[in-house]
Visitor: 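Please read through the structure below; I'll follow up with questions.
No hydrogens, no waters, no symmetry mates; every other heavy atom, side chains included, goes into these values.
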Amino acid sequence: VQLQASGGGLVQAGGSLRLSCAASGVTLNLHTVGWFRQAPGKEREFVLVNSWAGGITLFASSVKGRFTIQRDNGKNTVDLQMNSLKPEDTAVYYCAATRRRFSTGVSPNGNEFNYWGQGTQVTVSS
């Protein structure tokens, strides 16, 4: 099983980036997919998660209204669309997958996820 995150880069504040999580050895439409990020000197942080089989999407309050998630079952990918980026969004972004589904009010910490991508750097300049 392998997840690969891509699409990171350098963008000015207010700009947009689209990250992609591509999977091999696992079918993403049968898994909950989450995005996490880790800034230098900080702990890993939950960004958002979309539960499989039509489940809900949960967002960290810091990204709600700016970030969205989109699945492409044909390509076995899950994209993270990031708009209105802020310097505080600068981090390495990771995608992860699990069979677990999440309910409203839950904030995953990452330990629930079995599979992880290698991360892609997002840098937002002010």
Visitor: Do V122 and W116 share a hydrophobic cluster (ILVMFWY, side-chain heavy atoms under 4.5 Å, transitive)?
Guide: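 In one cluster with V122: W116, no.
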Visitor: Taking the ring of F46 and the ring of F67, is the distance between their centroids below 6.0 Å?
Guide: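 When the ring centroids of F67 and F46 are compared, they turn out to be at least 6.0 Å apart.
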Visitor: Could you check whether the rings of F113 and F36 sit parallel, tilted or perpendicular, using 30° and 60° as the cut-offs?
Guide: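 Judged by the thresholds at 30° and 60°, the geometry between F113 and F36 is perpendicular.
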Visitor: Please confirm whether the backbone N or O of F102 pairs with a side-chain atom of S51, one donor and one acceptor, at under 3.5 Å?
Guide: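 A pair under 3.5 Å: yes.
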Visitor: The test is side chain to side chain contact (heavy atoms under 4.5 Å, CB included); show your working for V124 and L17 and say whether it passes.
Guide: CA-CA 10 Å; V124 184; L17 277 176; over 6 Å; no
Visitor: Rounded to the nearest 0.5 Å, what's the gap from CG on N50 to CG on L80? Could you check?
Guide: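 Between atom CG of N50 and atom CG of L80 there are 11.5 Å.
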Visitor: Hey, could you give me the CG/CZ distance between L48 and R66, rounded to the nearest 0.5 Å?
Guide: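 So the CG of L48 and the CZ of R66 are separated by 11.0 Å.
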Visitor: Between R71 and V33, does a side chain to side chain contact (heavy atoms under 4.5 Å, CB included) hold up when you go through it step by step?
Guide: CA-CA 9 Å; R71 292 177 178 263; V33 176; 3.9 Å; yes
Visitor: Answer with yes or no whether the side chains of Q81 and R18 bring together a donor and an acceptor at under 3.5 Å.
Guide: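 Checked: R18/Q81 side chains pair up, N/O donor to acceptor below 3.5 Å.
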Visitor: Okay, side chain of T32, backbone of R100: is any donor-acceptor separation there less than 3.5 Å?
Guide: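 At least one qualifying donor-acceptor pair exists.
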Visitor: My understanding is that only one of Q121, R37, Q38 makes a side-chain hydrogen bond (donor to acceptor under 3.5 Å, both in side chains) with Y93; could you say which?
Guide: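 Answer to the side-chain hydrogen bond (donor to acceptor under 3.5 Å, both in side chains) test with Y93 among Q121, R37, Q38: R37.
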Visitor: From K86 NZ over to S126 OG, what is the distance, rounded to the nearest 0.5 angstrom?
Guide: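 Separation between the atoms: 14.0 Å.
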Visitor: Is T120 reaching over with its side chain to a backbone N or O of G8, donor-acceptor style, under 3.5 angstrom?
Guide: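 Yes.
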Visitor: Could you walk me through whether I56 and R101 pass side chain to side chain contact (heavy atoms under 4.5 Å, CB included), step by step?
Guide: CA-CA 9 Å; I56 61 173; R101 299 175 70 197; over 6 Å; no
Visitor: Measure the shortest side-chain to side-chain distance between V26 and L3 over non-hydrogen atoms and say whether it is less than 4.5 angstrom.
Guide: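 Yes - at least one pair of side-chain heavy atoms lies under 4.5 Å apart.
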Visitor: Do V47 and V92 land in one hydrophobic cluster if side-chain heavy atoms of ILVMFWY residues count as linked below 4.5 Å?
Guide: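 In one cluster: no.
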Visitor: Distance from S24 atom OG to N76 atom CG, nearest 0.5 Å?
Guide: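 Interatomic distance, S24 OG to N76 CG, rounded to 0.5 Å: 8.5 Å.
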Visitor: Applying side chain to side chain contact (heavy atoms under 4.5 Å, CB included), run through S62 and E45 and close with a yes or a no.
Guide: CA-CA 11 Å; S62 59; E45 176 187 27; 4.0 Å; yes
Visitor: I'd like to know if L28 and L58 are part of one continuous hydrophobic network [Ile/Leu/Val/Met/Phe/Trp/Tyr, side-chain heavy atoms within less than 4.5 Å].
Guide: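 Per the 4.5 Å side-chain linkage, L58 and L28 are not co-clustered.
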Visitor: Got a second to check how far D79's CG is from S6's OG, nearest 0.5 Å?
Guide: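 Between D79 CG and S6 OG, I get 8.0 Å after rounding to 0.5 Å.
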Visitor: Atom CG of N29 and atom OG1 of T77: how far apart are they, to the nearest 0.5 Å?
Guide: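 Output value for this atom pair is 11.0 Å.
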Visitor: With a 4.5 Å heavy-atom cut-off, do Y94 and R44 have their side chains touching?
Guide: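 Answer no - side chains too far apart.
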